[in-house]
Amino acid sequence: MAEALRIGIAGLGTVGASVVRVLADKAAELTRQCGRDVVVTAVSARDPKRDRGVDLSAAKWFDDPVELAQKADIDVFVELIGGDEGPARACVKAALDAGRHVVTANKALLAKHGVALAEAAEKRGVLLNYEAAVAGGIPVIKTMREAMAGNSVNRVFGILNGTCNYILTRMEAEGLSFEDCLKDAQRLGYAEADPTFDIEGNDTAHKLAILTSLAFGTKIAADSIYLEGISNITQADIRAAGELGYRIKLLGVAQRTESGIEQRVHPTMVPTASVIAQVNGVTNAVAIETDILGELLLSGPGAGGNATASAVVGDIADIAKSRPGFQHGPVFGRPAKELRPYKKAQMRSHAGGYFIRLTVHDRIGVFAAIARRMADNDISLESIVQHADGKEALAQKTVILVTHETTEAAVRKAVEGVTKDGHLTSKPQVIRIERAE
Ligand code: HSE
């Protein structure tokens with residue numbers, strides 16, 4: 001049998017402890033699958049005394065993850081610290097430079113420094129695996145990088161943040177407040193250390209940036225993603241969406257358009273009958289549309305210790321099975337040096353349907369003024385309804401518009417016009433509608 005594969009793990013939080021547990025519980029099965037033992041020989045975390053419910057007695061403890069990366073007797077360095085700079089970046093770079101394979105779940109790090117790290121890995125001929133960085137346990141990286149060779153991607157989109165989907169699902173199903181749902185998501189170990197990364201869409205953007213590079217062979221450009229989170233989605237939006245045959249999801253979307261590659265993260269109305277609308281709770285889903293395959297939809301657990309550990313262990317097993325000279329190809333599907341800059345499509349030119357919710361003074365001429373602003377901007381309306389749920393003050397009403405396909409620029413201008421007309425009693429709500437089967 002080949003020599004044991006020696007693993008060093010930096011970061012022993014929810015995911016790190018789950019990885020140690022899975023590697024121990026499934027040791028015999030992994031040995032059968034990989035043709036060699038897989039053993040954790042070194043670990044590093046902030047607090048050596050904390051009880052993590054796993055046996056670390058056989059592993060050498062390092063206070064400094066960079067030292068572990070450089071000096072420990074390991075073949076694979078697993079980074080589960082998180083964060084796009086600081087110790088996470090330093091130890092991954094150190095591990096690659098020292099010629100170690102790296103497995104990471106760190107989407108923020110890859111979204112910011114992925115191309116440079118891929119170059120370092122490719123230069124040293126080592127693997128940089130990151131399945132757990134996107135959509136938790138769903139094997140989307142493997143699918144895009146290996147199983148879809150030769151396909152040209154037109155659009156990739158999905159529910160990429162378990163915390164947001166969990167919150168939106170429970171708000172709709174149980175009428176709970178945003179804050180209560182977020183607290184539960186934190187308790188269950190789904191949320192980031194700073195949950196604003198989840199709810200403001202940054203975490204989805206990090207994952208989308210990685211998927212965009214894989215899909216289109218472009219450099220990672222997380223900074224140019226249009227970003228809106230879910231913190232201003234209210235029960236009124238969720239109810240209105242339901243009445244109109246839609247469900248609200250936080251989607252990340254990257255698509256080829258005539259004006260370039262569009263990358264956007266925002267709350268989105270998807271038809272209630274579509275498959276993606278049925279993806280509930282912490283479950284994630286990624287849809288990939290290509291020229292050869294057509295549309296593929298992958299769904300599965302998107303966050304939490306076990307789901308993420310499953311992807312990390314899969315990456316480790318891939319390395320255990322690899323032999324010198326055999327790899328699964330470049331880190332982002334093409335050699336890092338050949339990843340191209342891309343032409344960014346402006347959000348203003350985004351084309352699609354829109355849901356617009358306005359709270360207006362209940363007086364003569366308001367409907368007509370709103371309709372005029374829409375017509376002046378060439379916006380064709382699919383429906384316009386006055387929504388009276390009995391909760392508004394008597395002197396105000398909710399008006400909900402659903403548009404046919406139009407542009408972001410037209411909608412922004414029309415809503416600006418309606419606001420200027422002085423009929424609104426609160427900030428208008430605009431939610432994009434996404435085509436989905
Ligand atoms: N906070 C992330 C989520 C964890 O909720 O999806 C998985 O990346």
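Both ligands and their constituent atoms are indexed starting at 1 by order of listing.
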Asker: I need the full list of ring-ring contact (aromatic ring centres under 6.0 Å, His included) pairs touching residues 336-357, with sequence neighbours left out, sorted by first then second residue.
Answerer: none
Asker: Taking side-chain contact (heavy atoms from CB on, under 4.5 Å) as the criterion, tell me which of T204, L160, I199 meets it with L250.
Answerer: T204
Asker: Tell me every residue that passes side-chain hydrogen bond (donor to acceptor under 3.5 Å, both in side chains) with T268, counting only those two or more places apart in sequence or in another chain.
Answerer: H266
Asker: Using a 4.0 Å cut-off on heavy atoms, what residues surround ligand 1? Order them by chain and number.
Answerer: K107, N161, G162, T163, Y190, A191, E192, D198, D203, K207, G302, A303
Asker: Distance-only criterion, 3.5 Å: show the donor-acceptor pairs between side-chain atoms of residues 105-115 and protein atoms not counting sequence neighbours.
Answerer:
from, atom 1, to, atom 2, distance (Å)
N106, OD1, A108, N, 3.3
N106, OD1, L109, N, 2.8
N106, ND2, E79, OE1, 3.3
N106, ND2, G83, O, 2.8
K107, NZ, E192, OE2, 3.0
K107, NZ, D203, OD1, 3.2
K112, NZ, E85, OE2, 3.0
H113, NE2, D84, O, 3.4
H113, NE2, E85, OE2, 2.8

Asker: State whether the side chain of N154 and the backbone N or O of T290 hold a donor-acceptor pair below 3.5 Å, judged by distance alone.
Answerer: no
Asker: In terms of ring plane angle, is the pair Y190 and Y166 parallel, tilted or perpendicular, where the classes change at 30° and 60°?
Answerer: perpendicular
